[in-house]
Amino acid sequence: MIYDVTIDGSSYRLDLNLDRATGRWRCLVGGREVEIDAVLAQPEVLSILIEGKAWQIRRERLASGLRIWVGDHSYGAEVSDPRSLRNRKVRGDAGKGPRHLVAPMPGKVVRFLVGENSPVEAGQGVVVVEAMKMQNEIKSPKKGTVLKLSVSEGAAVIAGDVLAIVE
Amino acid sequence: MIYDVTIDGSSYRLDLNLDRATGRWRCLVGGREVEIDAVLAQPEVLSILIEGKAWQIRRERLASGLRIWVGDHSYGAEVSDPRSLRNRKVRGDAGKGPRHLVAPMPGKVVRFLVGENSPVEAGQGVVVVEAMKMQNEIKSPKKGTVLKLSVSEGAAVIAGDVLAIVE
Amino acid sequence: MFKKILVANRGEIAVRVIRACRELGILSAAVYSDVDRAALHVLTADEAYSVGAAAAAESYLNIEKILDVAKRCGADAIHPGYGFLSENAKFAQACAGAGIKFIGPTAASMEKMGSKTRARQQMEKAGVPFVPGTSHGLESVQQAREVAAKIGYPVMLKAAAGGGGKGMRLVGSEQELQSALEAAQSEAQRAFGDGEVYLEKAILNPRHIEMQVLADEHGNTVYLGERECSIQRRHQKVMEEAPSPLVDAGMRRHMGEVAVRVAKAANYNNAGTVEFLVEQDPVNQEKSFYFLEMNTRLQVEHPVTELVTGLDLVNLQIRIAAGEKLPFTQEDILIRGHAIECRIYAEDADNNFFPSPGRIEMLLTPAGPGIRLDSGVYAGWNVPIDYDPLLAKLIGYGQDRQQAISRLTRALPEYFVAGIKTNLGLFRRILADGDFQSGKIDTGYLDRLLEAKAGSEHVEAEKSTAAIAAAVFSVLDSTSNPAASKPGAGPAESSWKRTARTEGLM
Amino acid sequence: MFKKILVANRGEIAVRVIRACRELGILSAAVYSDVDRAALHVLTADEAYSVGAAAAAESYLNIEKILDVAKRCGADAIHPGYGFLSENAKFAQACAGAGIKFIGPTAASMEKMGSKTRARQQMEKAGVPFVPGTSHGLESVQQAREVAAKIGYPVMLKAAAGGGGKGMRLVGSEQELQSALEAAQSEAQRAFGDGEVYLEKAILNPRHIEMQVLADEHGNTVYLGERECSIQRRHQKVMEEAPSPLVDAGMRRHMGEVAVRVAKAANYNNAGTVEFLVEQDPVNQEKSFYFLEMNTRLQVEHPVTELVTGLDLVNLQIRIAAGEKLPFTQEDILIRGHAIECRIYAEDADNNFFPSPGRIEMLLTPAGPGIRLDSGVYAGWNVPIDYDPLLAKLIGYGQDRQQAISRLTRALPEYFVAGIKTNLGLFRRILADGDFQSGKIDTGYLDRLLEAKAGSEHVEAEKSTAAIAAAVFSVLDSTSNPAASKPGAGPAESSWKRTARTEGLM
């Protein structure tokens, strides 16, 4: 079975098969055979031996996608099976077009630092959201103009709510 | 909803209702109203407040039945809803009739300490099972005669296997 | 001894206090707000009572409600933890009025130390060194100009009632002084309802070192050694250690004696901390320390002192409040080994340290030699947005500083929190940093480290391993009976796997 | 320093050694048998290699296979842990032959101490007190009778190669001597392949107290204080503490000096333990101690010594084996506080202590001040039937013995193991026992405690609480969306709930 895996932007093509009778794995990475053995220790915790090296791998599922933890390092991962019909998401090219400023966590909108139709620099604070006793400045991702403030001051927001649009 | 609960031999009749809209409980124990509040903290861990007292209760499911843990004490529990059609198990009256000696854990039968048709005292060792580097004597639950040795020396057994029958 | 202590706090410190009560055979009563019904401190206490809505002002800061619960449940003492009501003199007064022992100093001592200018006046009398400047609120721009000219720029304007960097301004020259003073005064007025601002010499990137003191109600006061707290971000401590790499035995004794003098000047009893700014002359390496303020409560970072002294500060707080004498004298206190604390926050260290509340989907915790974990959370707990983001404190102890560092470095990869972001990765970076390892830290250290580009720690071997693992997980997901007959194999299928399949992710 | 250490063991001690390696920056290689593929030590190590079938003789005791792995993976040292090959002189010899450093004493020292009679001969020469009796194997019943008559009954027959109570007989009078001697000899022959039996005065219910020593390869030997190990069942230690409630500073120094003499007599290096029997005269309270044997390896109970000395024994073992000098002298070693260890076994304390292997369905672990947990298991792990039943060690540290006891008493209810039985409940009973609390313990203590009827600890309030809880669980089970919108609510439905419903349990 072929898997195309992307780890923090690097692509790997794997041919991976498990013989369920013996528990043996067969693994080719980019066509090269790699000796592996793997068992699930806990539901999201894998013990994997790769040519003698022992790794304890943990998988985290977030709304934003999979993260694979190797010790205390984590990597964004995408796994796709080429036979699958599902198309991979095409990433928008950052920097062009209107951009949405979204709340990175639930909280309360304390105040806006710029008004509608004002010019902003890349990295300039646009809105302050309070959560966990901290005031957090949400900054503009680009130089441009604030097209719209989408919520009002004092409003409670949840993660992902659009706060403003910068063009 | 009425529940009949047995805890280590003591019986309790409870009338228990959860208002799912408000999360409020109503609880009568033996007809007396008891103020409780309960939430599940983890799948088998309950936080329950009973008239101010806070309890962290854990439930363990074993082949032999439910155990309810209150701190580091545990209690055997049976819960039945009287409307249920299922009959409760009738407990055999201990001490009478032939009794099965069963392996309390998986292991290897090392040797028998008495032969078939030999007399045994209550508490006398009948068979030795080795597990986890320890030799464990399985004792006769009653005075009587060994009717049958059900396995042979050297055999591997699993928990619950009948080792011998004492009449 | 007390029969029942109400713990007027939440999170890890409430759990810490409840454990201390249990070890003393004292019943503990927790309080909880609406979003904290299933919090760990509620699960751990002997009793638990609701005190209202999520907003702290309506629950954990509500003096009336908390005292009402204390009276109803028959508590004979209240432990305030840190934060919330712990430094509120009115609360201490109200407890006394209700005949309930407040575990901490008297309201009078708290008031003496509550205003920075009043504290400076006390220290002036007691002959304690503090940063040169005024000990009274500034009355005019003119007065500010005169003082600043005398002590020399840069100077710092500070709110008397201050804390957390509010009402604080660094002034580099006389031109900036007037507008800075006006801004500081109005910010202080808004934040604390008190516009009093004073001026002191600015010490740039000093070390922040504090001295733990303990005083019983019979006139005995001792110091338990210092803590180095220079690793801060936005005036918030991130990592603390004991002893300080800078402080030798002579300096420790000197600072300790000054701290005891400070405590005595305030008629202090129970546990308290005297904070100092320390600067080291870059040329002759001479060290000077200045009184900064006194914290009239238990500190977040008290465990590092506990590990190097072998004492239990919360236990001692309770015994002191019950009228016991200190069970030791200054000579009995011995610092052995080294301890470092990491404050584990629910925040996204890779994204502006934004807070990261939410449900903890999975939790693996470190253990073993030299590792202590004081945690306030568990797997399945939903970290609320309403309170500060401290999840737990991971403390490493070793025979010396190097061993404490290597034990934490060993323990960090054992620690795993899924579902929300934490700052765990930040500690790996600090512990591996050369300046940190050689003890070259000051209050500007962490900002400098964060500005520096993080080295790419993502080695190729780990990335290809992650790729293989991601695919292996997929293979096992698609097996109805994963790794069947394998030892340690997980349960059949988790609910999110079903969901994932439905959503076409597999 | 070594680059890679092979850890020739499993379970908690393998994890302990792997952690020590990581803290020293040394790579660790684990070995595992077929049933241990998913064991915690495999999950923790840097590398892992299969060594064969479950039976220890085919894997963990197989010298050839283990040396083969060590050579293949390029390990330059082997740590044997305790048990398995740790006291096997042939293995130590084979390591030396292969050019791989064995972390422990030399084969020659092990052999000197491996036979109890040979050890007694050494001790005789070194002037070390040991229990009166023979230092050579008994040659005839006649000889046994003469010696026994001289030292007085009761006497103890012991196998020279003995351990674990095998080949051991208590003889109360001359009439019993001949048959006991014959039985002991044949049992020793069967168990150890060596029928040599010697005779010594029987000390009934003595205390078992041992002294930790450390010796480097440069002639420096120190003692690190004693451990009290009198709480035993079937000659197996259950609970240990440091220091011993019986031993004062003078006795500690005396025993320590004797232990150092023992170690020097055996040209000992690395960590070792000298075991003593201690008896106290019931009339004049005078204490006598006798050399019993020397354990030429790390002990299970080493953490209690680590906690009271602040040292890391495994770290020091590795550094000594690498040729380093001891980084301290006897005068630097300081005992502070008190530590008690509970050995958590997979056994059914309510049912004859039968072993209880199987899958751990859920695991909650204790933490917080003064608590150390050295564990070899995790939730989901299937404890195999093939090895000893030690799951973990829970160690409590306190300022004094009373605080260590109260911290363990506090921690035990935080510890929860579902799916298999453990002896956790036994420790609650011991810690609450008056004799234990006042330090009145000897090797007969635990049997006496277990014979006494356990008080009914099941109070009525707990039973009715359990009843309500059981019903609440049932209500929540029957909800497709349990406690919806409640904070901290668990996931929708676990697989066993589905199963339970199918089976009509709800």
Side-chain angles (χ1 to χ4, degrees), chain C residues 15-16 19-20 22-25 34-39 43-44 303 306-307 309-315 327 334 336-337 359 364-365 367-375 378 380-382 384 397-399 403 406-407 409-411 413-414 483 486-496, chain D residues 15-16 19-20 22-25 34-39 43-44 303 306-307 309-315 327 334 336-337 359 364-365 367-375 378 380-382 384 397-399 403 406-407 409-411 413-414 483 486-496:
Chain C
V15 175
R16 169 74 185 89
R19 281 174 167 153
R22 191 149 298 149
E23 290 169 12
L24 281 161
D34 290 351
V35 293
D36 271 348
R37 168 61 186 88
L43 269 76
T44 311
E306 294 186 324
L307 286 169
T309 59
L311 300 173
D312 182 325
L313 290 183
V314 181
N315 175 294
L334 207 111
R336 186 176 77 186
R359 187 178 145 91
L364 301 174
T365 54
I371 293 302
R372 168 173 163 185
L373 183 66
D374 277 23
S375 175
Y378 59 89
W381 169 239
N382 209 324
Y397 173 83
Q399 197 186 318
Q403 190 170 64
S406 33
R407 281 180 163 170
T409 305
R410 179 273 290 172
E414 297 180 13
K486 280 276 185 180
E493 189 176 54
S494 75
S495 61
W496 76 251
Chain D
V15 175
R16 168 74 185 88
R19 282 173 167 154
R22 192 150 297 149
E23 290 168 13
L24 280 161
D34 290 351
V35 294
D36 271 347
R37 168 62 186 88
L43 269 76
T44 312
E306 295 186 323
L307 286 168
T309 59
L311 301 172
D312 183 325
L313 290 183
V314 181
N315 175 293
L334 206 111
R336 186 176 77 184
R359 187 177 145 93
L364 302 174
T365 54
I371 293 302
R372 168 172 163 187
L373 184 66
D374 278 23
S375 175
Y378 59 89
W381 169 238
N382 208 324
Y397 172 83
Q399 196 186 322
Q403 190 170 65
S406 34
R407 281 178 164 172
T409 304
R410 179 274 289 174
E414 297 181 13
K486 281 276 184 178
E493 188 176 55
S494 74
S495 61
W496 75 251

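The figures that follow rest on heavy atoms only: side chains count, while hydrogens, waters and symmetry mates do not.
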By a 4.5 Å heavy-atom criterion (distance strictly below it), what part of C:Leu24 contacts chain D: side chain, backbone, both, or neither? neither

If you count heavy-atom pairs under 4.5 Å between each of C:Gln399, C:Glu414, C:Arg16, C:Arg407 and chain D, which one has the most? C:Arg407

Less than 4.5 Å apart, side chain to side chain, heavy atoms only: is that true for C:Ile371 and C:Arg410? yes

Qualifying residues under side-chain hydrogen bond (donor to acceptor under 3.5 Å, both in side chains), relative to D:Asp374, sequence neighbours excluded: D:Arg372

Going through the checks in order, is the side chain to side chain contact (heavy atoms under 4.5 Å, CB included) test met by C:Asp36 and C:Trp381? CA-CA 10 Å; C:Asp36 271 348; C:Trp381 169 239; 3.6 Å; yes

Evaluate side chain to side chain contact (heavy atoms under 4.5 Å, CB included) for C:Glu306 paired with C:Leu311, printing each intermediate quantity in order. CA-CA 5 Å; C:Glu306 294 186 324; C:Leu311 300 173; 5.9 Å; no

Ranking C:Val314, C:Asn315, C:Asp312, C:Thr409 by heavy-atom pairs under 4.5 Å to chain D gives rank one to C:Asp312

Using a 4.5 angstrom heavy-atom cutoff, name the option from C:Gly310, C:Gly398, C:Pro369 with the most pairs to chain D. C:Pro369

Can a donor-acceptor pair be found, under 3.5 Å and without considering hydrogens, that links the side chain of D:Arg22 to the backbone of D:Thr44? yes

Heavy-atom pair count under 4.5 Å with chain C, highest-scoring of D:Gly368, D:Pro327, D:Gly370: D:Gly368

Region of D:Leu364 in contact with chain C, defined by heavy-atom distances below 4.5 Å: neither

